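Chain naming here is simple, since letters A, B, ... match the order of the sequence lines and numbering starts at 1 in each. All values below come from the heavy atoms of this structure, side chains included, with hydrogens, waters and symmetry mates left out. Everything quoted here is computed from the prediction, not taken from an experiment.
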Number of protein chains: 2
Amino acid sequence: MDQVDTRGKIVAAASYLFQTKGYAGTGLNEILRESGAPKGSLYYYFPGGKEALALAAIEQASHTMQAKVRQNLALAAEPVAAIRQVLADMIQALQNDGQLLTLSLSMLALETCHSSEPLRQACARSFREMAAIYTAKLAAGGYPPARAAEGGQLLQATIEGAIILSLTQKDTAPLQLLQSQLPDLLKPRNWQADSASGPD
Amino acid sequence: MDQVDTRGKIVAAASYLFQTKGYAGTGLNEILRESGAPKGSLYYYFPGGKEALALAAIEQASHTMQAKVRQNLALAAEPVAAIRQVLADMIQALQNDGQLLTLSLSMLALETCHSSEPLRQACARSFREMAAIYTAKLAAGGYPPARAAEGGQLLQATIEGAIILSLTQKDTAPLQLLQSQLPDLLKPRNWQADSASGPD
DNA sequence: TATTATCTAGACCGGTTGCTATAACCAGGA
DNA sequence: TCCTGGTTATAGCAACCGGTCTAGATAATA
């Protein structure tokens, strides 16, 4: 096998499988079959074993996801319109069999948050970086810094939740609902009393 | 072992372990150790095996979570205040080692949405029922029916996402941010143009 | 007491898991 | 050509996986 590619192929296969089948649900032999790499190479490149491989996979998945989100955000200058592009891409991914899971690290994060500190931290970092991309887009759209930061994080949470619901329900409705609710979600804070407002 | 309890003990152990360690990450032998039940009983009560047990576990987890959310929602009549109680309970759970995962089925849902149709459907049903509880609370607080339905679903998504981020980051900040953003999230729709608003 | 249904208990099975160990292969450089 | 380091290849390991099977225990009933 081409040496330039072996490590990369292993990481690519791991990235895909960990995202779509989970950490515990993916065996190393399956990664090897998917990548075509020999078992010796896996431990040669990742002496730390499965966990070390997962760290590399999280890194790669993060970069891929972040590049995709940046690309979609660049399709419009106005934040709401741009984030709608991101969501439209996710809706498309749900309709392409099984691809939506490649846009999230939630499963891996949930599986490992109590069982592997290095993996928990890697996922946390990935989430922070993604939230920062949303934050930057809001800031570039004129949101005040503090509001942009809050919006970025709230977006992160809501998008991850909508992905889970869409996958579970096998329905784009949660992502579509989020698209329609974006203006409220991102509306700047301009209320004074926040507990007794209820509906107007 | 007391026959009245055996099945229940197996389901309780399964419910806890599936929620905290995931479906693939939990072995049947571990459930047996946790419950004290003999292996023969597991297959006696669940001839369908692991998947059948998981269906019962999802049912039980759902009921437990729904009861808890209803209890918390009942602490205040006004929806925002009530939902803040729910979130406060979650924040408390995060601070009690490992308990927050018992308030979510997201991990199990993600793991099984492509690999088991019965389990996907059971999780989907659980999510729908939970969203309906939120919806009912909003409606009882005076939200128009359509708005209450949207709010319930958006809440569902955002809460699940905030749970994941809080667990991954080992920090209550995402749940706390959601608490503070609730009025905006649930604000009724009163805008006309939704794409060029940006910040005021 | 015998029968029957329910439930318990645990040995066993083939397969998979992550990892170890070791030898062989291969390309590049002296 | 020989040497060396990087890489490949594969056998083997203990443990675990979900599930099967069978006998025994128990309680209720005729």
J.: Does A/L119 offer a backbone N or O that forms a donor-acceptor pair with the side chain of A/E51 under 3.5 Å?
T.: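 Flag not set: sc A/E51 to bb A/L119 has no pair under 3.5 Å.
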
J.: Figure out the CG/P separation between A/L32 and C/dG18, and round it to whole Å.
T.: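 A/L32 atom CG is separated from C/dG18 atom P by 10 Å.
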
J.: Can any side-chain N or O of B/Y45 pair as donor or acceptor with the backbone N or O of B/L53 at less than 3.5 Å?
T.: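 No; zero donor-acceptor contacts below 3.5 Å.
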
J.: Which whole-number value in Å describes the distance from A/Y43 OH to C/dT17 P?
T.: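 Between P of C/dT17 and OH of A/Y43: 11 Å.
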
J.: Measuring from A/L28:CG to A/S35:OG, what's the distance to the nearest 0.5 Å?
T.: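 With rounding to 0.5 Å, CG (A/L28) is 10.5 Å from OG (A/S35).
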
J.: Without swapping roles, check the side chain of A/R84 against the backbone of A/Q179 for a donor-acceptor pair under 3.5 Å.
T.: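 Between the backbone of A/Q179 and the side chain of A/R84 there is a qualifying donor-acceptor contact (under 3.5 Å).
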
J.: For A/D5 and D/dT7, what is the distance between atoms CG and P respectively, to the nearest whole Å?
T.: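 Checked: the CG to P distance equals 13 Å.
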
J.: May I ask you to decide if B/L94's main-chain N or O and B/Q99's side chain share a donor-acceptor pair within less than 3.5 Å?
T.: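 Answer holds: no.
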
J.: For the pair made of OH in A/Y44 and C1' in C/dC19, what is the distance, rounded to whole Å?
T.: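 Atom-to-atom, A/Y44 to C/dC19, this comes out as 18 Å.
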
J.: Identify all pairs in which a protein N or O lies below 3.5 Å from an N or O of nucleotides 10-16 of chain C, and state each distance.
T.:
none

J.: Could you tell me the separation between the NZ atom of B/K9 and the P atom of C/dC7, rounded to a whole number of Å?
T.: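 Computing the B/K9:NZ to C/dC7:P distance gives 15 Å.
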
J.: Identify, with sequence neighbours excluded, every residue that meets side-chain hydrogen bond (donor to acceptor under 3.5 Å, both in side chains) alongside A/D171.
T.: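 With sequence neighbours excluded, A/D171 shows a side-chain hydrogen bond (donor to acceptor under 3.5 Å, both in side chains) to no residue whatsoever.
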
J.: D/dC16 C1' sits how many Å from A/L28 CG, rounded?
T.: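 It is 15 Å, rounded to the nearest whole Å.
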
J.: Whole angstrom is fine here: how far is it from CG in A/L42 over to P in D/dA9?
T.: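 Rounded to the whole Å, the gap is 13 Å.
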
J.: Would you please name every residue forming a side-chain hydrogen bond (donor to acceptor under 3.5 Å, both in side chains) with A/T172, sequence neighbours left out?
T.: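 Partners of A/T172 by the side-chain hydrogen bond (donor to acceptor under 3.5 Å, both in side chains) criterion, ordered by chain and then number, come out as A/Q176.
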
J.: Restricting to salt bridge (charged side-chain N to carboxylate O under 4.0 Å, His left out), what partner residues turn up for A/E34, sequence neighbours left out?
T.: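 For A/E34, no residue satisfies salt bridge (charged side-chain N to carboxylate O under 4.0 Å, His left out) once neighbours in sequence are set aside.
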
J.: Does any residue of residues 11-27 of chain A have a heavy atom under 4.0 Å from DNA chain C, and if so, which ones, in number order?
T.: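 When residues 11-27 of chain A is checked for heavy atoms under 4.0 Å from DNA chain C, the hits, listed by number, are A/T26, A/G27.
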
J.: At a heavy-atom distance below 4.0 Å, what parts of residues 48-61 of chain A sit against DNA chain C?
T.: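 Close to the strand are A/G49, A/K50.
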
J.: Sequence neighbours left out, what passes side-chain hydrogen bond (donor to acceptor under 3.5 Å, both in side chains) with A/S41? Give chain and number order.
T.: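 Partners of A/S41 by the side-chain hydrogen bond (donor to acceptor under 3.5 Å, both in side chains) criterion come out as none, since no residue qualifies.
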
J.: A/E129: which residues meet the salt bridge (charged side-chain N to carboxylate O under 4.0 Å, His left out) condition with it, sequence neighbours left out?
T.: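 Scan of A/E129 (salt bridge (charged side-chain N to carboxylate O under 4.0 Å, His left out), adjacent residues dropped) gives A/R125.
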
J.: How would you list all residue pairs meeting ring-ring contact (aromatic ring centres under 6.0 Å, His included) that involve residues 12-38 of chain A, not counting sequence neighbours?
T.: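 Matches after skipping sequence neighbours: A/F18-A/Y23.
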
J.: Under a 4.0 Å heavy-atom cut-off, which of residues 106-122 of chain A touch DNA chain C?
T.: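 By residue number: none to list.
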
J.: Does C/dT8 have its OP1 or OP2 closer than 4.0 Å to a side-chain nitrogen or oxygen of B/Y45?
T.: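 Answer is yes, contact under 4.0 Å.
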
J.: Tell me every residue that passes salt bridge (charged side-chain N to carboxylate O under 4.0 Å, His left out) with B/K21, counting only those two or more places apart in sequence or in another chain.
T.: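 With neighbours one apart ignored, the set is B/E30.
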
J.: For A/E59, enumerate each residue passing the side-chain hydrogen bond (donor to acceptor under 3.5 Å, both in side chains) test, keeping only those at least two apart in sequence or located in another chain.
T.: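 Counting only residues at least two positions away or on another chain, A/E59 forms no side-chain hydrogen bond (donor to acceptor under 3.5 Å, both in side chains).
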
